[in-house]
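As a basis for the values below, the full set of heavy atoms in this structure was taken, side chains included, without hydrogen atoms, waters or symmetry mates.
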Amino acid sequence: MIRYALAFLAILLTGLPGASRAEPAKVVVGTYVNQITGVNLRDNQVNVDFYVWFRWDDDSLNPLETFELMNGRIESRTPTPVRKLKDTNYGQARVQAVLNQPWDVSRFPLDTQTIRLVIEDSDQTAEHVVYVPDIDNSTVDPDVDVSGYTLINNGATISAHRYRTNYGDITLPKNHESVYSRYTHAITLERPDSVYYIKTFSTIFISSVVAFLAFLVKPVDLDPRFGLGIGALFAVVACYFVIASDLPRSSGFTLSDRVNLASMGMIFLSLMQSAVSLMIYERNAAKSLLLDRWSLVVFPVAYALLCVWLTTV
């Protein structure tokens, strides 16, 4: 009987307004990106120099000391003393960090990338601290210049990030969940024009065109006829490895992979055409010459259309 009475009393108490859970403290967060350097596509890293600031009312908190960068490591942190802005606490720090950035190279060298600064409080969950983005003041310095890219957009958002682990704390259930308020400043970069595309593939394009010049050589002149195609093939393969050395390993096909494979395929077909033309030449030299003339037009046009299609799909 006593047990039922206590349970009924607990239900009444939880239903009272004064017994409701306290609202989490709100902390305003903002960032100003000062520099972006060391863009490393292969190692999925980028160096970012930025300012971060916090404004909060609860004097028992100090988010300037408890914040952490979730997608990288902080190389240096230079905080300023916390001060009062009227009745609000204010703290700021300059941070130099190396971000672990998962680059999207599927469209390289016409790629668009998004760099993200991801910040969470290492001490308080979302039940106690909730971030609020300082949208009006969070931006990127106008002098930021990322080689090969141009800045097209940036903005700050807040999300709730859930962790499904008890972090080894055996006093908590195995599948314990904790939620933290997460601040993200996303910076979007893109290639400004097709100049980088042309520079990247110029050797491949020229090598392919050189291979097609073999159609101007008589099929019986074996060394120059087949030597042009074989030399061009080796040049394209070498370019493929040079480009791949700058990119992260990927299980999918990037634009660079597709253009390289298309070039090697067209050069291989040109070598096959030379073999077929040689066979025809031994029987009918006029037909062999006609085949070469048509190939001299069809191969470059087909190759150009193929590259345009691969670039635009």
- If we only count heavy atoms from C-beta on, is the N260 to V236 side-chain gap below 4.5 Å? yes
Margin query: Tell me if a side-chain donor or acceptor on S138 pairs with a main-chain N or O of I135 at a distance below 3.5 Å.
Written below: no
Point to revise | Main-chain N/O of I267 paired with S270 side-chain donor or acceptor, under 3.5 Å | key: yes
Taken to the nearest 0.5 Å, the spacing of Q113 CD from L41 CG works out to 6.5 Å
Begin with the C-alpha distance, continue with both residues' side-chain angles, and end with the deciding distance and a verdict on side-chain contact (heavy atoms from CB on, under 4.5 Å) for T112 and R107. CA-CA 8 Å; T112 298; R107 292 284 299 163; over 6 Å; no
Check: Mind checking whether Y51 and V33 sit in one hydrophobic cluster, side chains of I, L, V, M, F, W, Y counted as touching below 4.5 Å?
Finding: no
Here the pair of heavy atoms bringing E120 nearest to S181 is CG-O, 3.6 Å
Partner of P219 under side-chain contact (heavy atoms from CB on, under 4.5 Å), picked from L291, V276, D292, is D292
Tell me whether the centres of the aromatic rings in Y131 and Y183 are closer together than 6.0 Å.
no
A211 and G229 have their tightest heavy-atom pair at CB-CA, 4.1 Å
Practice prompt. Using the side-chain contact (heavy atoms from CB on, under 4.5 Å) rule, take Q92 and L64 through it: C-alpha gap first, then chi angles, then the decisive distance, then the call.
Written response: CA-CA 7 Å; Q92 179 198 126; L64 187 62; 5.6 Å; no
Taken to the nearest 0.5 Å, the spacing of F234 CZ from C239 SG works out to 13.5 Å
Within a radius of less than 6.0 Å around OH of Y240, do more than 12 heavy atoms belonging to other residues, nucleotides or ligands occur? no
Are Y180 and E68 close enough, and set up right, to give a side-chain contact (heavy atoms from CB on, under 4.5 Å), and what steps lead you there? CA-CA 12 Å; Y180 286 81; E68 60 180 343; over 6 Å; no
Partner of S207 under side-chain contact (heavy atoms from CB on, under 4.5 Å), picked from T203, V209, V210, is T203
Q: Would you check if F299 and S295 make a side-chain contact, meaning some heavy-atom pair closer than 4.5 Å?
A: yes
- Message: Less than 4.5 Å apart, side chain to side chain, heavy atoms only: is that true for V82 and F54?
- Response: no
Is there a donor-acceptor pair under 3.5 Å between the side chain of S288 and the backbone N or O of N284?
-> no
TODO: State yes or no: do V98 and L69 share one hydrophobic cluster built from I, L, V, M, F, W and Y residues joined by side-chain heavy-atom distances below 4.5 Å, directly or via other members?
DONE: no
Parallel, tilted or perpendicular: which fits the ring planes of Y303 and F205, with parallel below 30° and perpendicular above 60°?
-> perpendicular
**OP:** Examine the side chains of D257 and T254 and answer whether a donor and an acceptor come within less than 3.5 Å of each other.
**Re:** yes
*Within-4.5 Å side-chain heavy-atom neighbours: R225 and F215*: yes
Q. In terms of heavy-atom contacts, does OH of Y163 have more than 12 from other residues, nucleotides or ligands at under 6.0 Å?
A. yes
query = Are a donor atom and an acceptor atom from the side chains of T66 and S122 found within less than 3.5 Å of each other?
reply = no
_Side chains of V129 and D58, heavy atoms from C-beta outward: is any pair under 4.5 Å?_
no
Would V132 end up clustered with M70 when hydrophobic side chains under 4.5 Å apart are linked, directly or stepwise?
no
Heavy-atom nearest pair, V105 first then P248, reads CG1-CD, 4.0 Å
Discussion item. Please evaluate residues L290 and K287 with respect to the criterion side-chain contact (heavy atoms from CB on, under 4.5 Å), reporting the C-alpha separation (whole Å), side-chain torsions for both, the decisive distance (0.1 Å), and the verdict.
Written reply: CA-CA 5 Å; L290 182 62; K287 287 185 177 181; 5.5 Å; no
Value for CD (Q96) from CD1 (I74), rounded to nearest 0.5 Å, stands at 11.0 Å
Do the side chains of L247 and V39 join up, straight or via other hydrophobic residues, at under 4.5 Å, putting them in one cluster?
yes
Note: L189 and L151 closest approach over all heavy atoms is CD2-CA, 3.8 Å
Quiz item: Is a side-chain donor-acceptor pair under 3.5 Å present for H185 with T31?
Solution: yes
Rounding to 0.5 Å, atoms CG (N40) and CG (D246) come to a distance of 9.0 Å
query: Is there a donor-acceptor pair closer than 3.5 Å between any side-chain N or O of R258 and the backbone N or O of F253?
result: yes
Does one hydrophobic cluster hold both Y32 and V29, with members joined at side-chain heavy-atom distances below 4.5 Å?
no
Smallest heavy-atom separation, L255 atom then F201 atom, equals O-CZ, 4.5 Å
Requested in this report: Using a strict cut-off of less than 4.0 Å between a Lys/Arg side-chain nitrogen and an Asp/Glu carboxylate oxygen, indicate whether K84 and D59 qualify as a salt bridge.
Outcome: yes
Interatomic distance, OG@S256 vs CD1@I204, rounded to 0.5 Å, equals 6.0 Å
Rounded to the nearest 0.5 Å, the CG atom of N153 sits from the OG1 atom of T114 at a distance of 8.5 Å
Closest heavy-atom pair, R73 versus Q45, reported as atoms and distance to 0.1 Å, is NH1-NE2, 4.0 Å
In this structure, are over 12 heavy atoms from other groups packed under 6.0 Å from R293 atom CZ? no
Short side-chain to backbone donor-acceptor contact, N71 and L99, under 3.5 Å:
no
Would a 4.5 Å heavy-atom cut-off, applied to side chains only, mark T311 and Y197 as touching? yes
Any cation-pi pair here, R94 with F50, using under 6.0 Å and within 45°?
no
